[in-house]
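Following: one structure in structure tokens, then a few remarks.
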Amino acid sequence: MTDSAKPTLLVVDGHSLAYRAFFALPVDNFSTKDGQHTNGIYGFLSMLINLIKAEKPTHLAVAFDTSRQSFRTREYTEYKANRSESPSEFKGQIPLLQDCLAAMSIQVLAKEDFEADDILATLATQGAEQGYDVLVCSGDRDTIQLVNDDITLLYPNVQGVSQLKRYDRQAVIDRYGVPPEQYPDIAALVGETSDNLPGVPKVGEKTAVKWLTQFGSLDELLANADKVTGVVGNNLREHLDDVTRNRRLNRLLTDVELPVTVADLEVQPMDAQEVRDIFARLEFKTLIPRVAELAGIEQQMAAVSSAAAQLAPVAEQLDGPALAAWLTGTTGDVAITFVVQGGLPSRVGVATSGAAAEADWSAEVAAFIAPWLASDAPKVFNDAKPQVKALARAGAALGGLAFDTSVAGWLLKPSFPDKTLADLVDRYLDEKLPEADPTQLVPETEGATPGQLSWYTLRVSEALRAELAPSVASVLTDIELPTLTTLADMELAGVSVSHDKLSGFSSELGARADGIAQEAYATIGREVNLGSPKQLQEVLFEELQLPKTRKTKTGYSTDAAVLADLQEQAPHPFLDQLLQHREATKLRQIIESLDSAIAADGRIRTTYVQTGSQTGRLSSTDPNLQNIPVRTEESRRIRAAFEVGEGYETLLTADYSQIEMRIMAHLSEDPGLVEAFNSGEDLHRFVGARVFAVEPADVTSAMRTKVKAMSYGLVYGLSAFGLSKQLRIEQSEAKQLMMEYFARFGAVRDYLRSSVEQARIDGYTETIFGRRRPFPDLASPNRVLRENAERAALNAPIQGSAADIMKIALFHIHDEFAREGLGSRVLMQIHDELVVEVAPGEWDAAERIVRERMGDAASLSVPLDVQIGRGANWDEAAH
DNA sequence: TGAGACACGTA
DNA sequence: CGTACGTGTCTCAA
């Protein structure tokens, strides 16, 4: 144990220990789902956490080498020259480890031309001089020389880094037979193979210790080398230069100039949010609580100096008239929170920067504050949509929606998964939102009241506003908030779905699936669970001995593409039966989940998640109405069950044709592509004519298929390999196709290249309307990560701009329906398609509004083409 | 009970 | 070795 009265300095060699951890832990068990290996990072951090917990250092730093070059390699070019290239799986782990350490507020030190151990030596020496207990943690034996009464070395044992051996002065003597300061003399004589420093042949530790004891010092030994007898004596005399060179090189520098002093290394409280972010990214689930435990200790240590969090004001409990008076007396932003119970408001809380008030929701309260609620007075919400819906159900109108902290938080950082108020308070205010512990019957801590929630919401909104770039702020105000109220109305409306149509179809499919299953069992002579990929692998690749397919993490793939491939290579009736069984059960499962989602009034109400995507798209859950089958004739029977509701005349569907390619044409300003869209010719026919140098009329369907796949693939960053795979053509032909394509539409390639380059510089991509998506991985040294980020960055402005355009069209239509007093309403949004329920007698008006507002949602250098259909159900309306 | 893997539906 | 989503099932570990 270290003397508790003295401060403790812990200095760690990051590179050498991470490298040991890398070899100690199986790389396969430690990689993220996007392919980043993390075993070295994990092992190092795990060790460091244990170390901090055990030693409780007051001062801490981790040192790294900057490269393999240092003053030692300049002095002796062979130094460490025998070291093989570090494995590719290790590359990229060091920068990420440094990011982790930065998030943990741990000082990371590195200096050009010096090795990490020189930095350790310098800090350790300074620390010892200044009265610290010093712990040096390194995997390099040269650091043994640093040990003295104040400096202890922690050295990993052979198994890895989980156990460290303590070397104080006595331990060094016990182990090596000499005091620490003489250890380098031994090393110089024996040599160090890992550093490529040959020593005296046939001389090991024992001989070296004997000599040193005999002569007193290395200098004496070298001066009296002629007195050493035997073969080893000859060897010594022949290798005097090597020994002096070794001794020169293994001396650690204790006077490296550093930008910090030991005092600067005082342990700092860590930013729990930052730590959680990067650990989550590296998928270190078990490390998070371990670090949190440490952070708790540190926060206690740091509590004295850190500013106390502001205390939420106690909310005044008001009645209707008093609340109305309170609200009309405010100017500027007011944050408001409705507690929603059973879909209706139950309490309301409001806050300005200095005060908060709240009331139980009642008809009286509603009546008194209705004018203010409906007014343009600016209102700030956190996660407004469910509250807007509750208000609508209660018959209250809402105006002046000025800010939504959860939407703003998402715009700022779309990759951040949780957007609750507590998350935002933690992240942007660095405070804790008071929350009642739900596991306690009588919670020890009170949760925040609605007025206090509003007070936090307002403060979070101010912090967010300060961080929002102007273009992103305008996306919030001009696109997201109007979309939010539109979505609330769409969710409330729901869509009418016929239970009768669904249930009949479901039993039909169930019977069919059972029949196919029986046939399949007969084919292979036993019953298996056709839904179990694991059992299927046994059947396909072991019992039926079919050729092995694409590898997955746990074995071999049995997905539809693979089965279709197999059917060609090695036809077997089981394959077809399996595919058919999958199709039938999948359809039935979709039908069942839809059917069970039909409410008493015959309608399905989805929830559109406005903050769920990275690109700006919506998503739909409970149930997902954005992935209802459409491709096969049979699956369209499901769409036919989506019907016009009672009291309405017909459904209208409207979709943008090729919106992403049009955006590509606009952004790239490719003359050929722009002309294609302005010519009125079928896009793929036009492109096919150019690529294959034929007349548009002579474009065959095979040509059209190819350029169509190419065009769509472009938007996703498709490679020649992927294109060849999809089109089932040779890779060389795919390459040729891409060459021809880019020869005719070169500006497209130029645009795609430059947009990724710009993103690398900016760190984010931007849509036409200024929505941003950060891409830190564009700078990653890890190829897999970087290339994934490049494809996503290629796609983000295109998919995102399309999402922006559709949102604008959507709320324009919604608002114009309302303004013109129409009963027609938008029910669904499926990325590039809208489904509208048209009220009796309103077809012409609705059709005009939809067509116009979708057409003029954005002004691009190519027209936005809108296809409109009409029918009693979704399937019919699609034609 | 929960998480991960797999498969598959959509734009 | 093609972007963006959500859901259901199976499987294994806790």
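Contacts of A:Phe745 classified as ring-ring contact (aromatic ring centres under 6.0 Å, His included), with partners at least two apart in sequence or in another chain: A:Tyr741. Judged as a salt bridge (charged side-chain N to carboxylate O under 4.0 Å, His left out), and not counting sequence neighbours, the contacts of A:Lys385 are A:Glu491. Contacts of A:His684 classified as ring-ring contact (aromatic ring centres under 6.0 Å, His included), with partners at least two apart in sequence or in another chain: A:Tyr712. With sequence neighbours excluded, the residues satisfying salt bridge (charged side-chain N to carboxylate O under 4.0 Å, His left out) with A:Arg550 are A:Asp559. Legend: residues meeting ring-ring contact (aromatic ring centres under 6.0 Å, His included) with A:Phe677, ordered by chain and number and at least two apart, are absent. With sequence neighbours left out, A:Glu519 forms a side chain to side chain donor-acceptor pair (under 3.5 Å) with no residue at all. Under the ring-ring contact (aromatic ring centres under 6.0 Å, His included) criterion, A:Tyr42 pairs with A:Phe30, A:Phe284, not counting sequence neighbours.
Of the residues in residues 628-642 of chain A, those lying under 4.0 Å from DNA chain B by heavy-atom distance are A:Ile628, A:Pro629, A:Val630, A:Arg631, A:Arg639. Interface residues of residues 794-803 of chain A facing DNA chain C, ordered by number: A:Asn795, A:Gln799; criterion, heavy-atom separation under 4.0 Å.
If you measure from atom OH of A:Tyr712 to atom C1' of C:dT3, you get 14 Å, rounded to the nearest angstrom. Taking atom CD of A:Glu787 as the reference point, atom C1' of C:dT3 lies 16 Å away to the nearest angstrom. Straight-line distance from the CG atom of A:Asn788 to the P atom of C:dT3: 7 Å, rounded to whole Å. The separation between A:Ile830 atom CD1 and C:dA4 atom C1' is 15 Å, rounded to whole Å.
Although no hydrogens or angles enter the test, the distance criterion places a donor-acceptor pair under 3.5 Å between the side chain of A:Arg662 and the main chain of A:Pro863. In this structure a side-chain-to-backbone donor-acceptor pair under 3.5 Å is present from A:Asp404 to A:Asp383. In this structure a side-chain-to-backbone donor-acceptor pair under 3.5 Å is present from A:Ser507 to A:Ser503.
Nucleic acid contact for A:Arg773: sugar-phosphate only, since backbone atoms but no base atoms lie under 4.0 Å from a heavy atom of the residue. Across all strands, A:Ala720 comes closer than 4.0 Å to no nucleic acid atom at all (heavy-atom distances).
Inspection of the A:Ser557 and A:Thr552 side chains reveals no N or O donor paired with an N or O acceptor under 3.5 Å.
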B/S/- along nucleotides 6-14 of chain C (protein heavy atoms under 4.0 Å) is BSS-SSS--
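At a threshold of 4.0 Å, the pair A:Asp762-A:Arg772 does not count as salt-bridged, since none of the basic side-chain nitrogens sits closer than that to a carboxylate oxygen.
Along DNA chain B, the stretch of nucleotides lying under 4.0 Å from any heavy atom of chain A spans, 5' to 3', B:dG4 to B:dA11.
Contact check, A:Arg791 against C:dG2: no side-chain N or O comes under 4.0 Å of OP1 or OP2.
Pairs of residues two or more places apart, or lying in two chains, that qualify as salt bridge (charged side-chain N to carboxylate O under 4.0 Å, His left out) and include a residue from residues 610-628 of chain A are A:Arg617-A:Glu660.
Across the P atoms, C:dC1 and B:dA5 are found 16 Å apart, a figure rounded to whole Å.
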